[in-house]
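For reference, the structure discussed in these notes is given below.
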Protein chains: 2
Amino acid sequence: MISQTAEYALRAMVFLAMQKSPAVGHEIAAATKVPPGYLSKLMQQLVKSKLVNSQRGIGGGFVLAKAPVDISILDVVNAVDPIEKITSCPLDIMSHGLNLCPLHKRLSLATAQVEQAFAQSNLSELVEESRSPLCTSVPLESGG
Amino acid sequence: MISQTAEYALRAMVFLAMQKSPAVGHEIAAATKVPPGYLSKLMQQLVKSKLVNSQRGIGGGFVLAKAPVDISILDVVNAVDPIEKITSCPLDIMSHGLNLCPLHKRLSLATAQVEQAFAQSNLSELVEESRSPLCTSVPLESGG
DNA sequence: TGGCAAAAAGACCTTTATGTCCATAATAGC
DNA sequence: GCTATTATGGACATAAAGGTCTTTTTGCCA
């Protein structure tokens, strides 16, 4: 569904959302089980996207650039691995008599739904809900 | 959102859904603009998944194994590039005091929504709707 | 039965994603 | 200014996805 890269970035951002003071790279990497060298790349992207501020030297590290409530899952995903929308058919085979558009309309719609869901969740929610140990066994409520 | 592979497979299946008689590989490849050699691999997977029947020799080719109405987008996607569901956190870092579960709950939910959308569309719909030239300019209705 | 047309199978290559490593630059404390 | 600490940047390595090519197998039909 999302790339490994996006997954890593989200973990790091959730971790940062739980921190008061700056967290250094290796600390984030250890806590989130992300390869340290790779995380460093991702952090750079998050900094460039203005989601995170960085500070070098002793006492430095990374902090969120905004309040957790103002950072959505979509913000994070788009920072490291943008969701690409289908705006037109990838082929011009319409003109060949083959009609793929209904297909791509559905794919677009599915993408839009995911985007919307990601846009509606913010880091604050993710941290707030973290009280109960949902992780191990809850099978996820798929319905409505 | 979906892989290139899944996209190719869907194109091929839509094409087959529009055919009466068996279509040979290079014909499908040409019509759907899928690399011929690669398509051949995908067709094999679709055959193994019982979505398509194949016939060698003169007059042979590929045909759908069921009525288009009985084949969903999800069937096709899963045949070539299964959507992987998150059933538990990818880490055991819950026990470390870092709570990622709300995050993965949301990712799971998004995946489930996509699956549901894909499960609800069948090839018949895609072919039926193909009358009007939707492809070029419709920006997709993202809302509800 | 021979020959041709087609799928099946698999070896191989290319590109992209993921991951590692090291040198460099900036910052704080001394 | 010196040193420790930290992020930054880029080169490099590995893994996975995507794509090409050749050979083998199968079925049809003359």
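Keep in mind that this is a model prediction, so the values were computed, not measured. Every chain is numbered from 1 and lettered A, B, ... according to where its sequence line falls, protein lines coming before strand lines. Excluded from the calculations below are hydrogen atoms, water molecules and symmetry mates; all remaining heavy atoms, backbone and side chain alike, are included.
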Flag the pair A:I28 / A:F62 as yes when at least one side-chain heavy-atom distance between them is below 4.5 Å, and no otherwise. yes
Beyond-backbone contact of B:E115 with B:K85, side-chain heavy atoms, under 4.5 angstrom: yes
Look at the side-chain N and O atoms of B:Q55 and state whether any lies under 4.0 Å from the OP1 or OP2 oxygen of C:dA7. no
Rounded to the Å, how far apart are A:I28 CD1 and D:dT6 P? 12 Å
For the CG atom of B:L39 and the OG1 atom of B:T5, what is their distance to the nearest 0.5 Å? 11.0 Å
Please report the distance, rounded to the nearest Å, between CE in A:M43 and C1' in D:dT8. 13 Å
For the NZ atom on A:K66, are there more than 12 heavy atoms of other groups (residues, nucleotides or ligands in this structure) within a distance under 6.0 Å? yes
Can you tell me how far C1' of C:dG19 sits from NZ of A:K33, to the nearest Å? 18 Å
Using a 4.0 Å cut-off on protein heavy atoms (strictly under), produce a 5'-to-3' string for nucleotides 15-21 of chain D with B for base contact, S for backbone-only sugar-phosphate contact, and - for none. ---BBB-
Along DNA chain D (nearest heavy atom to each residue), the more 5'-positioned of A:Q44 and A:G60: A:G60
Does the side chain of A:I2 reach to within under 4.5 Å of the side chain of A:V114, using non-hydrogen atoms? no
Which heavy atom of B:L64 sits nearest to which heavy atom of B:A17, and what is that distance? CD1-CA, 3.7 Å
Return the value, rounded to whole Å, for the distance between atom CD of A:Q45 and atom C1' of D:dT8. 13 Å
Tell me the interatomic distance from A:H26, atom NE2, to C:dT20, atom C1', rounded to whole angstroms. 18 Å
Classify the side chain of A:R56 and the base of C:dA25 as holding, or not holding, a donor-acceptor pair under 3.5 Å. yes
Atom CG of B:L42 to atom C1' of C:dG10: distance rounded to whole Å? 15 Å
Nearest whole Å is fine: how far is D:dA7 C1' from A:I58 CD1? 13 Å
